[in-house]
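Comments concern the structure below.
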Amino acid sequence: MISNVSDVVGSASADAGKYTFTLPNGFSLYEHTNTEAQISNPGSNITIRIFTNLGKHDNFSTKYEEIDNDSNFKILSNGTINDNGMIIQSLFYQEIENSNNRSTFYFTKYDNDFRILAVGFNYDSQRNETIDIVTRIIDSIRLNYKL
């Protein structure tokens, strides 16, 4: 891919629909389609899915209510992150049965709504690291001019 802008020298990029983003260190592209990309880090067992072109029913309020009303999940925390003026809504939750931690982030960029889902992190020790990885992905999202 030829680019005149690089967020991280030497890092790989991946496509998610009509957008491209920089892969965080240690992550590899697992799969991608016209509406999402899935990346994973085998060393940390963290998997991240980036969803583009969300429908009107896929939003933070709906997701919060869905998880809050599901007895299989426990909400750990929620709030907003201000990333250089971009507001990112975040929700951290846990599956009751297996203690699997998840987080979901909603934001708008290029007049498009996105959702990022992160799975497999330790909430107590990796929460801030997960936020850092997600904000680096968000900051690196660009329009894919190859399309």
Problem set entry | Worked check of side chain to side chain contact (heavy atoms under 4.5 Å, CB included) between Ile75 and Ile67 | CA-CA 7 Å; Ile75 293 177; Ile67 292 168; 3.9 Å; yes
Pairing donors with acceptors under 3.5 angstrom, does anything connect the side chains of [X] and [Y]?
X: Asp113; Y: Thr108; result: yes
X: Asp124; Y: Asn122; result: no
X: Ser77; Y: Tyr123; result: yes

Problem set entry | Residues, nucleotides or ligands: over 12 heavy atoms within 6.0 Å of Asn100 CG | yes
For this session: Taking atom OH of Tyr30 as the centre, report whether more than 12 heavy atoms of other residues, nucleotides or ligands fall under 6.0 Å from it.
Result: no
Exercise. Under 6.0 Å from the six-membered ring centre of Phe92 and within 45° of its axis: does the NZ or CZ of Arg102 meet both?
Worked result: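 Because its charged atom misses either the 6.0 Å distance or the 45° angle limit, Arg102 does not stack over Phe92.
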Exercise. Do Phe114 and Phe105 have ring centres separated by under 6.0 Å?
Worked result: no
Problem set entry | Side-chain (Ser28) to main-chain (Ser40) donor-acceptor, under 3.5 angstrom | no
For this session: Measure from the side-chain N and O atoms of Thr20 to the backbone N and O of Ala14, and report whether any donor-acceptor pair falls under 3.5 Å.
Result: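 Pair found, side chain donor or acceptor close to backbone of Ala14.
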Close side-chain approach of [X] to [Y], heavy-atom, < 4.5 Å:
X: Ile39; Y: Ile137; value: yes
X: Phe107; Y: Ile138; value: yes
X: Arg115; Y: Lys63; value: yes
X: Asn78; Y: Tyr93; value: no

